[in-house]
Amino acid sequence: MIHILVTGGAGFIGSNFVPYFLETHTDVHLVNIDALTYAGNLDNLKEVEGHERYTFVKGDICDRKLIEELFEQYDIQGVIHFAAESHVDNSISNPDAFMQTNILGTFNLIDVAKKYWMVGPGVYKEAYKHSRFHHVSTDEVYGTLGKEGLFMETTPYAPNSPYSASKASSDFIVRSYHHTYGMNVVTTNCSNNYGPKQHDEKLIPTIIRKALAGESIPIYGDGSNIRDWLYVLDHCKGIALAYENGLSGETYNIGGRNERNNLYIAQTVCELLDKKHPRENGSYKELITYVKDRAGHDFRYAIDATKIESNLGWKADENFESGIDKTIDWYLNKFIQNKSKSLA
């Protein structure tokens with residue numbers, strides 16, 4: 001049995017990854033550490049509760065002693081590192097937590113892994129010669145794009161928010177441990193994820209939640225900011241591929257090739273809600289309102305996923321239209337059916 005430490009597995013992407021990886025890797029035991037801050041929710045992992053190859057540990061990756069104990073107790077042979085403070089608005093109002101978790105937490109993890117797995121620079125202990133540290137990052141480290149062009153693995157870093165600056169720092173820490181100590185690392189940078197289990201504060205869940213409540217749907221600026229949308233399960237499949245087959249020291253960008261602006265997202269969600277859960281009076285689109293733009297709001301993100309597609313054979317199974325349909329069904333169940341059950 002291979003024991004892999006997953007960090008932040010109760011968050012949005014991690015809680016989609018854990019069940020997927022357990023199902024597709026029957027020789028793996030996952031140890032999931034999550035601090036269960038506002039973004040982590042054990043309800044996201046009900047489907048693996050009691051699973052014989054899954055262990056949950058409540059804890060903070062900034063707690064080095066705890067990380068060391070977990071490596072010893074479970075004989076950790078791999079790390080897949082999701083844990084991060086990730087909401088840009090929160091990083092503007094409270095950057096401290098982002099610097100702690102994203103920078104210090106990443107350093108703790110990779111440094112403990114190095115000392116547990118390696119004898120010295122470039123020399124792994126025999127039992128850990130295949131051990132790998134996988135760092136999950138974001139396209140926001142690259143800054144912003146104009147109307148044309150795509151982020152590539154070779155794009156210079158130019159983070160524009162405290163969040164993206166902290167993630168860029170963590171990317172560099174991981175890179176340095178490969179080049180200095182010869183650690184077996186791989187990094188993936190993804191575009192905007194969407195799908196089941198995302199925190200209610202994010203754009204798509206906010207649109208759905210506000211619409212169903214009959215409240216104004218807030219859209220920053222004029223809604224023209226563009227993101228490349230990636231269905232979360234497609235991202236999880238890409239992470240698994242990179243963890244298993246990626247070349248040590250390499251970075252792989254995972255993007256959905258689904259560029260959409262925020263206004264299109266809001267209108268599409270409203271149109272689908274009009275069909276699936278009609279409003280009593282008029283369309284949900286009437287609730288869309290424009291609010292003051294976010295400070296330093298990057299205009300456009302878009303990823304060139306050619307490298308992971310060509311080298312590892314990854315391909316997104318969902319386009320935006322198929323993925324958003326599944327996503328809305330999941331949230332309707334969460335916000336409508338579950339509410340009905342609680343009132344019964």
Within the 4.5 Å heavy-atom criterion, are [X] and [Y] side-chain neighbours or not?
{"X": "Tyr331", "Y": "Pro205", "answer": "yes"}
{"X": "Asn189", "Y": "Phe151", "answer": "no"}
{"X": "Ile265", "Y": "Leu203", "answer": "yes"}
{"X": "Thr188", "Y": "His134", "answer": "yes"}
{"X": "Lys167", "Y": "Val136", "answer": "no"}
{"X": "Ile4", "Y": "Val31", "answer": "no"}

Would you say the side chains of [X] and [Y] form a donor-acceptor pair under 3.5 Å?
{"X": "Tyr128", "Y": "Asn184", "result": "no"}
{"X": "Ser170", "Y": "Asn102", "result": "no"}
{"X": "Ser322", "Y": "Asp325", "result": "no"}
{"X": "Asn253", "Y": "Tyr142", "result": "yes"}
{"X": "Asp171", "Y": "Ser137", "result": "yes"}
{"X": "Thr187", "Y": "His135", "result": "no"}

Point to revise | From CA spacing to verdict: salt bridge (charged side-chain N to carboxylate O under 4.0 Å, His left out), Arg300, Asp228 | key: CA-CA 8 Å; Arg300 174 174 168 259; Asp228 176 9; over 6 Å; no

Practice item. Please report the C-alpha distance between Glu286 and Arg279 in whole Å, then the side-chain angles of each, then the deciding distance to 0.1 Å, and finally whether the salt bridge (charged side-chain N to carboxylate O under 4.0 Å, His left out) criterion is met. Key: CA-CA 11 Å; Glu286 296 164 9; Arg279 200 174 166 217; 3.4 Å; yes

May I ask you to decide if the ring planes of [X] and [Y] are parallel, tilted or perpendicular, using 30° and 60° as cut-offs?
{"X": "Phe71", "Y": "Tyr116", "answer": "perpendicular"}
{"X": "Phe320", "Y": "Tyr194", "answer": "tilted"}
{"X": "Phe82", "Y": "Phe17", "answer": "tilted"}

If we ignore hydrogens and angles and just use 3.5 Å, is the side chain of [X] paired with the main-chain N or O of [Y] as donor and acceptor?
{"X": "Asn258", "Y": "Gly256", "value": "yes"}
{"X": "Lys307", "Y": "Tyr252", "value": "no"}
{"X": "His3", "Y": "Gln77", "value": "no"}
{"X": "Trp314", "Y": "His235", "value": "no"}
{"X": "Lys276", "Y": "Leu332", "value": "no"}

Exercise for review: Determine, stepwise, if the pair Asp317 / Lys237 fulfils salt bridge (charged side-chain N to carboxylate O under 4.0 Å, His left out).
Suggested key: CA-CA 10 Å; Asp317 292 322; Lys237 293 172 181 176; 2.7 Å; yes

**Study point:** Aromatic ring proximity, centroids under 6.0 angstrom, Phe172 and Tyr157
**Key:** yes

Practice item. Taking only Lys NZ, Arg NE, NH1 and NH2, and the carboxylate oxygens of Asp or Glu, determine whether Arg257 and Glu309 approach each other closer than 4.0 Å. Key: yes

Indicate the atoms forming the closest heavy-atom contact of [X] with [Y], along with that distance.
{"X": "Leu312", "Y": "Asn245", "answer": "CD2-O, 3.5 Å"}
{"X": "Val48", "Y": "Val18", "answer": "CG2-CG1, 4.2 Å"}
{"X": "Asn108", "Y": "Cys62", "answer": "ND2-O, 3.0 Å"}
{"X": "Leu273", "Y": "Ile208", "answer": "CD1-CA, 4.3 Å"}

Check your understanding: With a cut-off of under 6.0 Å to the ring centre and 45° to the axis, is Lys197 in cation-pi contact with Phe12?
Key -> no

**Study point:** Check against salt bridge (charged side-chain N to carboxylate O under 4.0 Å, His left out), Glu271 and Lys275
**Key:** CA-CA 7 Å; Glu271 286 169 6; Lys275 294 175 184 175; over 6 Å; no

